[in-house]
Amino acid sequence: MRKTILLLLIGTLLLSGCAGAAVPPAPTAADPWPTHAPDATPYVRTFAGENSEVRPAEAETAESMEDVWRTIYSEFNNFYFRTEELEMFQALPQDEPYAFVPHTENFVLDEGEAMRMARMFSEKDGCEAEVIAMHQITDGLDDWGFLTVVTVTPARLFELSAEMETMMIEQFYPSVRERFDLAYWPDGEALS
C-alpha cells in the first residue's frame with residue numbers, strides 16, 4: 001500500500017511540474033503517432049490498483065523443455081514445430097524426402113545425444129539419419145558441436161510424430177549446414 005501511495009505521489013509531482021510544458025501538435029494522417037520530442041508531454045507509467053484486472057508480472061518457471069515448446073510452438077502429436085515451418089512442411093510434396101533437424105528436450109549439441117537420436121531415427125523405415133559436427137577453438141579450447149539430421153518424407157515424418165518421443169523439428173537451415181560441415185556418423189570418423 002505504501003508503495004502504491006508513494007508511486008502515485010511521484011506521478012502527481014511529475015505531472016504537475018509539466019503543466020506549463022508545450023502541448024504537442026495533434027496527430028495527422030501523415031504522422032499518426034504522437035511525438036516524443038523534448039517539448040512533448042512526458043510518458044508516465046501508471047500502476048494498477050489491487051483490484052485491477054492487470055496483474056504485476058509473475059515469474060513463471062517451466063517444468064520441462066516440453067512446457068516451453070508448448071507455449072511457443074505448434075504441436076503435432078509428439079512433435080513441435082515453428083508454426084510457419086509446420087505449415088511449410090505440410091505444403092511440401094509429401095512423398096519427396098527432405099532434411100530435418102530434430103531436437104529432444106535436452107536440446108544439447110553433444111555427441112551422445114546426437115548419436116542416440118540418429119540411431120533411433122535410422123531404425124525407422126523410410127528414414128536416413130546422420131550426425132554432423134562443427135569444430136571451433138573458443139578461448140583456446142576445442143569446442144565441438146554435434147547435430148542429428150534426418151532425411152525423410154514429410155508424410156513419414158508426420159507418421160513418426162505419433163510413435164516417437166517428444167521432440168522439436170526444424171528444417172535444415174543453410175546457415176546450419178555451413179557451420180556443421182564435418183561428417184561424423186555413419187560416414188565420418190570418430191573423434192580421437
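For reference, positions follow the sequence shown, starting with 1.
Within the 4.5 Å cutoff, the side chain of Met168 has heavy atoms near those of the Tyr73 side chain.
Salt-bridge annotation for Arg116 and Glu165: present, with a side-chain N of the basic residue lying under 4.0 Å from a carboxylate O of the acidic one.
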Kindly determine whether Ser122 and Val150 satisfy side chain to side chain contact (heavy atoms under 4.5 Å, CB included), including the steps that lead there. CA-CA 8 Å; Ser122 65; Val150 177; over 6 Å; no
Please walk me through it: do Thr153 and Gln94 pass side-chain hydrogen bond (donor to acceptor under 3.5 Å, both in side chains)? CA-CA 6 Å; Thr153 66; Gln94 296 296 294; over 6 Å; no
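The six-membered or imidazole ring of Phe89 lies near that of Phe100, with a centre-to-centre distance under 6.0 Å.
Criterion: ILVMFWY side-chain heavy atoms under 4.5 Å apart, direct or through other members. Under it, Tyr80 and Ile72 are part of a common hydrophobic cluster.
Looking only at distances, a side-chain donor or acceptor of Asn78 sits under 3.5 Å from a matching main-chain atom of Met164. Looking at Thr148, its side chain does come within 3.5 Å of a backbone N or O of Ala114 through a donor-acceptor pair. Remark: side-chain polar atoms of Arg156 are paired, donor with acceptor, to backbone N or O of Asp125 under 3.5 angstrom.
Tested against Val149, the residues Met117, Glu128, Arg177, Glu130 include a single side chain to side chain contact (heavy atoms under 4.5 Å, CB included) partner, Glu130.
The shortest non-hydrogen separation linking Glu163 to Lys124 is OE2-NZ, 3.3 Å.
Atom CD of Gln171 has more than 12 neighbouring heavy atoms from other residues, nucleotides or ligands inside a 6.0 Å radius. More than 12 heavy-atom neighbours from other residues, nucleotides or ligands sit within 6.0 angstrom of CG on Asp142.
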